[in-house]
Number of protein chains: 2
Amino acid sequence: MVVARTARERARVEITAEILAAARAQLGEVGPSQLSLRAVAREVGMVSSAVYRYFASRDELLTALIIAAYDELGAAAEAAEEAVEDRTDHLARWMATCRATREWAISHPHDYALIYGSPVPGYAAPQDTVMPATRVIVRLVEIIVAAHGSGTAAESTQPPATAADPSGVVADAMAFIAERSDVDLEALPELVMRTLMVWSAIFGTLSFELFGHLKGSVSDYEGYFEQTVLRLAGDLGLAE
Amino acid sequence: MVVARTARERARVEITAEILAAARAQLGEVGPSQLSLRAVAREVGMVSSAVYRYFASRDELLTALIIAAYDELGAAAEAAEEAVEDRTDHLARWMATCRATREWAISHPHDYALIYGSPVPGYAAPQDTVMPATRVIVRLVEIIVAAHGSGTAAESTQPPATAADPSGVVADAMAFIAERSDVDLEALPELVMRTLMVWSAIFGTLSFELFGHLKGSVSDYEGYFEQTVLRLAGDLGLAE
DNA sequence: CGCATTGCAAGAGCAGTGCTCTCATTTGTT
DNA sequence: AACAAATGAGAGCACTGCTCTTGCAATGCG
């Protein structure tokens with residue numbers, strides 16, 4: 001972050017933050033595709049054209065909101081995970097992370113839809129979003145790695161005999177993990193495969209709940225989520 | 001379906017279909033939230049206000065598109081499943097259904113986003129959509145039930161010892177299945193739980209792929225999907 | 001200090017949107 | 001033939017994202 005020197009620069013970052021805050025507030029009410037740049041401008045007492053001094057387009061504003069949402073979700077998940085005192089209780093850390101993710105999602109449904117719903121059309125996620133986007137999964141991977149490194153974890157659920165070796169399809173993920181972790185996962189492609197599956201399953205479950213696809217199938221959403229992530233932990237060898 | 005009698009009624013159903021077709025064509029290019037009722041009207045050579053004689057609102061048009069999309073996806077999945085000749089090869093039927101689902105999704109990304117992405121804001125799915133929405137999962141359940149009924153299926157993956165009985169949270173799903181199937185699943189709440197999980201996992205995986213969340217983690221999407229649904233089948237006892 | 005440069009907000013305007021209302025015409029029924 | 005209902009066109013309202021011009025105020029420099 002560049003330190004604001006002149007009054008002008010200081011005002012700029014302040015107003016930028018103000019616009020972003022107003023946009024976040026509006027997002028809490030109407031959903032991404034209804035977010036109106038003009039309404040945001042009115043909120044902060046500007047005329048719409050003035051906003052374009054701070055955000056080149058509506059898409060750029062949305063991008064900033066996406067980053068903010070990823071960061072907020074990541075921070076919430078990390079905080080909950082770090083609040084688990086017994087660091088050797090990997091299952092507790094796992095559950096805490098998952099629970100915090102769901103709690104953030106249901107209390108910020110529009111932000112969740114913004115980042116995990118359908119991307120706004122014609123929109124390609126800029127590079128700035130990938131780092132904050134990985135915070136939750138990185139934390140989950142850390143827990144899995146710690147559990148398997150400590151020897152307290154069982155082997156993850158075995159694939160069917162007919163399944164091919166997953167090394168090829170998860171090569172990118174293994175490289176990604178190898179970059180920011182000193183654990184050697186090269187011998188565990190099956191675990192990486194399972195981790196990716198579990199990651200998709202968690203957010204698939206949340207999306208189904210939030211987007212209404214579980215209506216008529218599940219009566220107790222919280223209980224269902226709890227049971228789900230517990231079984232997913234079991235599939236990864238985190239719970240017995 | 002009511003048989004069209006008068007010329008007016010005949011024209012009405014024809015024009016309605018024309019509008020829907022134009023809307024579907026436009027949806028193939030721009031994505032749900034960009035779908036313009038005026039543009040659709042221009043396409044069929046009408047003025048925008050005339051379209052309102054056929055669809056009360058843009059949302060109602062979208063609802064019709066949602067139903068059409070669900071039905072098309074369901075039909076594609078069912079056709080692929082029925083093309084499997086060996087009806088006792090439950091794994092083949094499973095894989096065919098899943099593959100067809102993915103193939104439809106990637107060849108109709110906007111339709112997929114319409115039904116499995118974030119719901120359009122302020123939009124509550126009307127009752128008309130729930131029946132077509134269940135076609136794929138109903139087919140999957142049939143396969144699972146057939147496999148477990150024939151005794152060729154292994155037990156599904158066991159939950160961790162600490163997991164509570166899932167009967168409560170999946171009661172609605174059990175009732176739903178009991179309604180349209182003569183198989184007694186009452187003794188198999190764990191299987192129903194796993195089925196729901198797998199269902200969420202499949203569409204979570206597809207959403208992650210289509211919405212770009214697997215970029216940087218998976219290099220071979222088709223191979224990854226294949227490996228995923230094979231393992232999910234294993235979790236349900238469909239593959240060994 | 002004075003001046004030129006730069007940053008910024010406002011306003012008008014363009015092309016587009018969903019939707020409503022009125023009006024004339026066509027179609028179907030009695 | 002007379003009436004009623006259905007239909008399409010057009011104008012219009014309130015809104016959107018975005019651009020361009022204009023005037024003002026803060027800034028940096030000689």
Side-chain angles (χ1 to χ4, degrees), chain A residues 2-20 22-23 25-27 29-66 110 114 119-124, chain B residues 2-20 22-23 25-27 29-66 110 114 119-124:
Chain A
V2 179
V3 178
R5 268 177 242 284
T6 75
R8 206 166 234 173
E9 279 168 10
R10 186 189 308 241
R12 179 160 244 285
V13 310
E14 240 173 60
I15 295 179
T16 305
E18 239 177 273
I19 294 173
L20 217 77
Q26 218 208 343
L27 186 62
E29 294 171 355
V30 295
S33 70
Q34 304 280 20
L35 190 136
S36 158
L37 203 144
R38 287 178 115 110
V40 171
R42 277 193 295 272
E43 194 66 29
V44 298
M46 288 206 261
V47 83
S48 75
S49 60
V51 178
Y52 284 85
R53 299 274 172 192
Y54 300 89
F55 296 94
S57 67
R58 187 175 168 278
D59 269 12
E60 198 172 296
L61 217 191
L62 278 178
T63 299
L65 289 177
I66 287 173
H110 292 123
L114 179 64
V120 301
Y123 172 84
Chain B
V2 179
V3 177
R5 267 178 245 282
T6 76
R8 203 166 237 175
E9 280 170 9
R10 186 189 306 243
R12 181 160 243 286
V13 308
E14 241 173 59
I15 294 178
T16 306
E18 239 176 274
I19 294 174
L20 217 78
Q26 219 207 345
L27 187 62
E29 292 171 357
V30 295
S33 70
Q34 304 280 17
L35 189 137
S36 158
L37 203 144
R38 286 178 117 110
V40 171
R42 277 194 295 273
E43 192 67 30
V44 298
M46 289 205 259
V47 83
S48 76
S49 61
V51 178
Y52 284 85
R53 301 280 177 195
Y54 300 89
F55 295 94
S57 69
R58 187 175 168 278
D59 269 13
E60 198 172 294
L61 218 191
L62 278 179
T63 299
L65 289 177
I66 287 173
H110 292 123
L114 179 63
V120 303
Y123 172 85

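Per chain, numbering begins at 1; letters A, B, ... match sequence-line order. Scope of the values below: all heavy atoms of this structure, side chains included, with no hydrogens, waters or symmetry mates.
Scanning for side-chain contact (heavy atoms from CB on, under 4.5 Å) contacts around B:Ala17 gives an empty result, with sequence neighbours left out.
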Contact state string [nucleotides 10-17 of chain D, B base, S sugar-phosphate only, - no protein heavy atom under 4.0 Å]
B-B---BB

Readout for nucleotides 24-29 of chain D: B = base within 4.0 Å of protein heavy atom, S = sugar-phosphate only, - = neither; 5' to 3' it is -BBSS-

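Note on B:Phe55: nothing from the nucleic acid sits closer than 4.0 angstrom, heavy atoms only.
Comparing the end axes of the helix from C:dC1-D:dG30 to C:dT30-D:dA1, each fitted to five base pairs by superposing C1' atoms of four pairs onto the next four, gives an inter-axis angle of 0° (nearest 10 degrees).
Distance check: A:Leu37 CG to A:Leu62 CG gives 9.0 Å after rounding to the nearest 0.5 Å. Remark: B:Glu29 CD to B:His110 NE2 distance equals 9.0 Å, nearest 0.5 Å. Atom CZ of B:Arg58 sits about 13.0 Å away from atom CZ of B:Arg38, to the nearest 0.5 Å.
Taking 4.5 Å as the limit, some side-chain heavy atom of A:Phe55 sits within range of a side-chain heavy atom of A:Leu20. Using a 4.5 Å cut-off on side-chain heavy atoms (C-beta onward), B:Val13 and B:Glu9 make no contact. In this structure, B:Leu65 and B:Leu35 have side chains that are in contact, with non-hydrogen atoms separated by less than 4.5 Å.
Of all non-hydrogen atoms in B:Glu43 and B:Ala22, the two that sit nearest each other are CG-CB, 4.0 Å. Minimum interatomic distance between B:Ala23 and B:Val40 (heavy atoms only, all atoms of both residues): CA-CG2, 3.9 Å.
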Return a table of donor-acceptor pairs under 3.5 angstrom between the side chains of residues 45-53 of chain B and protein atoms on other chains or two or more places apart.
none

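If you take CE of B:Met46 and P of D:dA6, they are 17 Å apart, rounded to a whole angstrom.
Using a 4.0 Å cutoff to heavy atoms of chain B, the contacted part of DNA chain C runs 5' to 3' from C:dT17 to C:dG28.
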Between A:Ile15 and A:Val44, does the side-chain contact (heavy atoms from CB on, under 4.5 Å) criterion hold? Intermediate values first, please.
CA-CA 9 Å; A:Ile15 295 179; A:Val44 298; over 6 Å; no

